[in-house]
Amino acid sequence: MIYLDYNATTPIAPEVLVAMLPYLKDEWGNAASTYRFGAKLKSVIEEAREKVADLLGASPFEILFTSCGTESNNAAINAALLANPAKKHLITCETEHSSVLSQCKALEKQGYSVTYLTVNRDGLLNMSELEAAINEQTALVSIMWANNETGVLSPVEKIGTLCRERGVLYHCDAVQAAGKVPINLSALPVDYLSITGHKIGAPKGVGALFIRKKTPFTPYLFGGHQERERRGGTEAVAFIVGLGVAASLASDRVKLYSHKVAPLRDGLQMSLLRNIDGAEVNGGDAPRISNTLNISIKGISSEPLLLLLDQAGICASSGSACLADSDEPSHVIAAMKPGDNACRSALRVSIGVDFEQKQIEIISAHVRRCVMLLRGS
Ligand code: PLP
């Protein structure tokens, strides 16, 4: 099998699994308990919090553990709106992840108004459009760091600076950026930032939300006193430990993305463009995270191509795994190239640090063979 869907999920890193096992087997206590068998787990959670904070250039008390990126996004948006109940407007972008867009749709039904910023053909938003959209009613701007389908990077610092100037809270979904680009929240005007474990070698089912010191926060999950009363629910100690170790590994490996992964992705891109007639890169002229390549191939629908690739042992996707069971075309590519069939023929390839040069020609040959089969040539 050749796995080319790291933006959907990553394997659990061996170091992460080893670190987690004791907390699944012998150390299964409840961290909220007063006796030592449980209470000693508090320090284990705090160690993990420090590691996640290090990855993000944040302070440990600014890190809240959650169950996933979706929860982190939903909790941040919820908190920002509750902080300013009189303000009923928020701004996001057409190309955001469904965890943000679906929440915005639900909020519209509750009486909020939402501005969905457009993007250009490269997937980049227009800062003047954002500036013009902010008004006295605006409580929050939620714009992701790196797009999950194309890898296109947003100008996070510029967005945050503008939000600060205009007195609006800024939430950033950094689920795909964490571990792939350096993040230093001590120097960035971002109020909330979401990450998830399963994109950086931790298991599915654990995430984190950065909440800047003094930024308003109301729990999304009400319950006990866990997480300094910011999230109810018994702590998933093993998963939190796993996220901590994955965060440390990600901190150590972030440089590999620019040094090693980017040239490999670029090599794969060149090879595919050379070998396949009618292939075009989506977002190729924009700054991108270095592991992601999204191409559309003229006259080829994503679904049959992915089926043929799967038969050849290649795991790739047409976009977000969260929407893979719908036959809707990619909303991201549709926003970039409206009225174009590119959104129905998107092929997303996302690689990890273990990707090897020798795989490039193999993948390219398989894609070419499958495309020729579908074209009947
Ligand atoms: N945001 C982005 C950009 C993502 O790519 C994903 C997952 O694909 C999420 C949020 C949701 O993360 P999770 O699967 O942990 O809920």
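Order of listing sets the numbers, starting from 1, for every ligand and every atom in it.
Residue-level proximity to ligand 1 for T196 is carried by the side chain, the only part with a heavy atom below 4.0 angstrom. Under 4.0 Å from ligand 1, not a single heavy atom of V100 appears. Here H198 has side-chain heavy atoms under 4.0 Å from ligand 1, and that is the only part of it that gets that close. Counting heavy atoms closer than 4.0 Å to ligand 1, residue K199 contributes side-chain atoms (C-beta onward) but none from N, CA, C or O.
Between C104 and V114, the closest heavy-atom pair is O-CG2, 3.8 Å.
Within the listing of ligand 1, atoms 3 (C) sit less than 4.0 angstrom from a heavy atom of M144. Below 4.0 Å from some heavy atom of D173 lie the following atoms of ligand 1, by number and element: 1 (N), 2 (C), 3 (C), 10 (C). Below 4.0 Å from some heavy atom of C68 lie the following atoms of ligand 1, by number and element: 13 (P), 15 (O), 16 (O). Taking every non-hydrogen atom of Q176 and a distance limit under 4.0 Å, the qualifying atoms of ligand 1 come out as 3 (C), 4 (C), 5 (O).
Using 4.0 Å as the threshold, G207 has no heavy atom nearer than that to any atom of ligand 1.
Stacking of K105 on the aromatic ring of Y116 is recorded, both the 6.0 Å distance cut-off and the 45° axial limit being met.
Aromatic ring orientation, F37 versus Y35: parallel (interplanar angle below 30°, classes split at 30° and 60°).
Considering backbone and side-chain atoms alike, N7 places every N or O at 3.5 Å or more from each N or O of ligand 1. Considering both main-chain and side-chain atoms, G69 comes within under 3.5 Å of ligand 1 through a nitrogen or oxygen pair.
There is a side-chain donor-acceptor pair under 3.5 Å between Q103 and N74.
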